[in-house]
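Numbering of ligands and ligand atoms starts at 1, following listing order. Side-chain atoms are counted along with the backbone in the values below, which use heavy atoms only and exclude waters and symmetry mates.
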Amino acid sequence: MIYLNGKFMPIEEACIPVLDRGFIFGDGVYEVIPVYSRKPFRLDEHLKRLQYSLDGIRLKNPFDNDEWRHLLEQVVAQNDGEDQYIYLHITRGVAKRDHAFPVNVAPTVFIMSNPLLPPPAEMLISGAAAITAVDNRWARCDVKAISLLPNVLLRQLAVDAQATETILIRDGFLTEGAASNIFIVKNNILLAPPKSNLMLPGITYDVVLELAAADQMAHEVRPISETEVRLADEILLTSSTKEIMPITSLDKKPVGDGKPGKLFTRLHALYQNYKATRMRGLTSGTAG
Ligand code: PMP
């Protein structure tokens with residue numbers, strides 16, 4: 001069951017007019033929110049980022065946070081699975097094709113939820129492969145825009161190389177993955193690229209840095225050069241649906257000793273523990 005513009009319906013019955021600006025221009029923003037035990041995880045943070053993305057494209061938020069919470073609860077309740085991931089999507093609505101913003105047009109709001117499966121155990125034991133590519137996206141990668149063509153092309157490079165992710169390098173520095181944030185480890189120090197207009201401020205990225213700080217793990221947020229990525233002891237990938245994953249090969253060469261490293265193992269355990277504690281602490285599906 002999905003939500004579309006005020007109605008709940010089976011996804012097969014959902015239709016969008018061809019003049020929707022999401023279809024015509026990719027003119028919209030989205031969020032992906034993990035749901036554990038039917039409770040949205042870090043919901044306040046996701047809604048804050050949604051507001052940031054909407055501000056970035058100058059589109060008014062159609063709902064306040066309580067309305068979003070209520071809608072998301074209803075979508076989760078109408079779908080199978082204790083663990084799900086919500087995809088929510090807002091476009092500038094339906095209007096005659098013209099680049100300029102339409103006047104007095106209602107936005108299109110679409111929400112769906114799918115079962116959330118953790119990364120396969122094999123991935124956590126052996127790690128995943130990644131390749132590198134030049135980051136050729138626009139200069140507002142901090143906005144979670146639905147126009148993802150560059151990300152699609154970059155991610156397909158990984159698929160073509162039988163790898164899991166494409167790690168992006170812009171002007172000699174690490175930005176992020178095609179659909180994830182990237183950390184590296186060197187000499188037992190966790191390193192993260194600083195937030196900027198060139199990367200998405202990941203919710204999982206924030207969780208990992210909070211967990212590292214609480215654990216008194218040595219960590220630095222600073223620009224990371226391509227050379228540092230290639231000489232890293234560990235590379236970690238984070239996203240809401242993949243949580244934390246070890247990258248054990250880069251451009252077909254082993255990362256460090258080619259096995260998931262110590263900091264990955266520690267952060268993965270901390271993340272699972274944090275998730276469990278947080279979900280136990282919540283009494284309804286509304287907080288998070
Ligand atoms: N960067 C990009 C380009 C992404 O698409 C994503 C999410 N899939 C992330 C980073 C990770 O963000 P989050 O932890 O909020 O899922």
At less than 3.5 Å, what protein N or O atoms come close to the N or O atoms of ligand 1? Include the distances to 0.1 Å.
residue	atom	partner	partner atom	Å
ligand 1	1 (N)	Glu176	OE1	2.6
ligand 1	1 (N)	Ser180	O	3.4
ligand 1	8 (N)	Ala179	O	3.1
ligand 1	14 (O)	Ile203	N	3.4
ligand 1	14 (O)	Thr204	N	3.0
ligand 1	14 (O)	Thr204	OG1	2.5
ligand 1	15 (O)	Arg49	NH1	2.8
ligand 1	15 (O)	Arg49	NH2	3.1
ligand 1	15 (O)	Ile203	N	2.9
ligand 1	16 (O)	Ser240	N	2.8
ligand 1	16 (O)	Ser240	OG	2.8

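Counting only heavy atoms from C-beta outward, the side chains of Trp138 and Asn197 never approach each other to under 4.5 Å.
Between the side chains of Ser180 and Glu165, at least one donor-acceptor pair of N or O atoms lies under 3.5 Å. Side-chain atoms of Thr91 and Asp20 include a donor-acceptor pair closer than 3.5 Å. For the residue pair Gln51/Asn61, the side-chain donor-acceptor check at 3.5 Å is satisfied.
Figure legend: cation-pi geometry between Arg92 and Phe101, with NZ or CZ positioned under 6.0 Å from the six-membered ring centre and within 45° of its axis.
Listed by first and then second residue, the salt bridge (charged side-chain N to carboxylate O under 4.0 Å, His left out) pairs that reach into residues 238-260 are Arg230-Asp251, Glu243-Lys275, sequence neighbours excluded.
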